[in-house]
Amino acid sequence: MAVTKEKDGRPVKPPGKESQPLIIAKTPAEEQRLKLERLMRNPDKPAPIPDRPKEWNPRAPPEFVRDVMGSSAGAGSGEFHVYRHLRRREYQRQDFLDKMTEKQKMDLDYLDKVSDNQQAADERTAKRRKKREKLKQKKLMAKKAKQDANKGEDSEKSSSSSEEDDQEREAEDDAEAPSFVMGKR
């Protein structure tokens with residue numbers, strides 16, 4: 001590919017690309033805005049989504065310690081720094097284990113609380129269901145009692161009026177009596 005040069009010796013840029021001014025972000029919000037603008041220039045291009053960072057785990061304690069520092073005299077001046085690093089690493093590991101046990105305890109407490117809340121909600125639901133069923137039974141019994149009372153009145157009326165009905169039927173030649181009895185509801 002031949003690079004063409006202008007008269008003063010600078011290379012000529014291809015005509016398709018426009019030069020973008022260099023903008024230096026001064027705040028995190030401005031940096032985010034610039035990134036979004038760059039992503040929105042080509043919306044068809046997939047945006048990179050980083051994976052979640054892995055949770056930090058301390059190094060496991062060594063199986064076998066080779067540099068055992070004794071209490072004898074003659075330890076070099078560098079031994080203290082080795083000891084200091086080992087001590088710091090062990091404290092980090094113990095803090096991590098303490099935090100993990102605390103987190104597990106909190107998770108278990110949360111699950112217990114959720115199950116207690118669910119159980120309490122189920123109890124309230126059962127209590128309300130029982131109350132609704134009781135009201136339904138009460139209404140049904142009242143309706144049944146009312147129907148029984150209406151049937152009792154109808155049977156008394158029908159027995160006394162059955163003789164009258166027979167006489168009326170004989171009196172009316174072609175007229176038929178209705179097959180239903182009108183009553184209050």
Side-chain angles (χ1 to χ4, degrees), residues 1-6 9-142:
M1 178 177 187
V3 177
T4 58
K5 294 185 178 183
E6 290 186 11
R10 290 183 301 158
V12 177
K13 293 181 183 175
K17 286 258 185 174
E18 295 180 18
S19 63
Q20 296 284 332
L22 180 63
I23 301 173
I24 298 173
K26 293 181 179 140
T27 63
E30 197 173 321
E31 182 180 349
Q32 189 174 20
R33 182 182 57 81
L34 291 172
K35 285 180 181 178
L36 279 173
E37 286 176 359
R38 190 178 81 228
L39 283 173
M40 292 309 290
R41 278 188 217 130
N42 189 0
D44 296 335
K45 183 179 176 183
I49 300 173
D51 294 334
R52 285 184 72 186
K54 292 182 180 176
E55 196 170 313
W56 180 82
N57 282 334
R59 278 198 302 191
E63 293 285 325
F64 181 75
V65 180
R66 294 186 183 167
D67 304 325
V68 179
M69 288 173 273
S71 61
S72 63
S77 61
E79 296 299 318
F80 172 72
H81 302 292
V82 173
Y83 165 74
R84 187 180 56 157
H85 290 303
L86 287 173
R87 186 182 63 181
R88 181 183 53 84
R89 197 175 298 135
E90 181 62 20
Y91 285 157
Q92 275 185 340
R93 191 180 72 80
Q94 287 177 358
D95 287 343
F96 175 76
L97 292 175
D98 290 343
K99 287 178 185 175
M100 288 302 292
T101 55
E102 183 67 26
K103 183 181 177 199
Q104 287 175 351
K105 182 178 176 260
M106 289 176 70
D107 288 344
L108 287 175
D109 289 346
Y110 172 74
L111 291 175
D112 289 343
K113 189 175 181 180
V114 166
S115 66
D116 289 346
N117 287 346
Q118 183 66 37
Q119 187 177 2
D122 290 343
E123 288 173 1
R124 284 193 307 267
T125 304
K127 186 177 178 182
R128 290 175 181 165
R129 182 185 303 120
K130 188 175 179 183
K131 192 173 181 181
R132 282 193 307 270
E133 291 294 325
K134 212 177 202 181
L135 280 173
K136 205 183 265 187
Q137 288 292 331
K138 197 173 182 181
K139 284 182 181 179
L140 196 64
M141 294 299 284

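All of these numbers come straight from a predicted model, not from anything done at the bench. Residue numbers run from 1 in the order of the sequence given.
- Side-chain contact between Thr101 and Lys105: absent, with no pair of heavy atoms (C-beta onward) separated by less than 4.5 Å.
- Checked by atom type, the side-chain pair Glu90/Gln94 shows a donor-acceptor distance below 3.5 Å.
- In this structure, Glu37 pairs ionically with Arg33, as a charged nitrogen and a carboxylate oxygen lie closer than 4.0 Å.
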With a cut-off of 3.5 Å and sequence neighbours excluded, list every side-chain donor-acceptor pair involving residues 40-54.
none

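- The structure places CZ of Arg129 at 6.5 Å from OG1 of Thr125, a figure rounded to the nearest 0.5 Å.
- Atom CZ of Arg38 has 12 or fewer heavy atoms from other residues, nucleotides or ligands within 6.0 Å.
- When every heavy atom of Glu30 is checked against every heavy atom of Ile24, the shortest pair comes out as OE2-O, 3.7 Å.
- Within the 4.5 Å cutoff, side-chain heavy atoms of Glu102 are placed close to those of Met106.
- Looking at His81 and Arg84, their side chains come closer than 4.5 Å, going by heavy atoms from C-beta outward.
- Here the CG-CG distance, from Asn117 to Asp112, works out to 11.0 Å after rounding to the nearest 0.5 Å.
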One pair to check against salt bridge (charged side-chain N to carboxylate O under 4.0 Å, His left out): Glu31 and Lys35. What are the steps and the verdict? CA-CA 6 Å; Glu31 182 180 349; Lys35 285 180 181 178; 3.7 Å; yes

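- Screening Arg88, Arg87, Arg89 against Tyr91 for a side chain to side chain contact (heavy atoms under 4.5 Å, CB included) leaves a single residue, Arg87.
- Other residues, nucleotides and ligands place no more than 12 heavy atoms under 6.0 Å from the CD atom of Gln32.
- In this structure, the separation between CH2 on Trp56 and NZ on Lys99 is 8.5 Å, given to the nearest 0.5 Å.
- In this structure, Leu135 places its CG atom where more than 12 heavy-atom neighbours from other residues, nucleotides or ligands lie under 6.0 Å away.
- Side-chain contact between Phe96 and Met100 is present, with heavy atoms from C-beta onward closer than 4.5 Å.
- Of all the heavy atoms in Lys103 and Glu55, the pair that sits closest is NZ-OE1, 4.4 Å.
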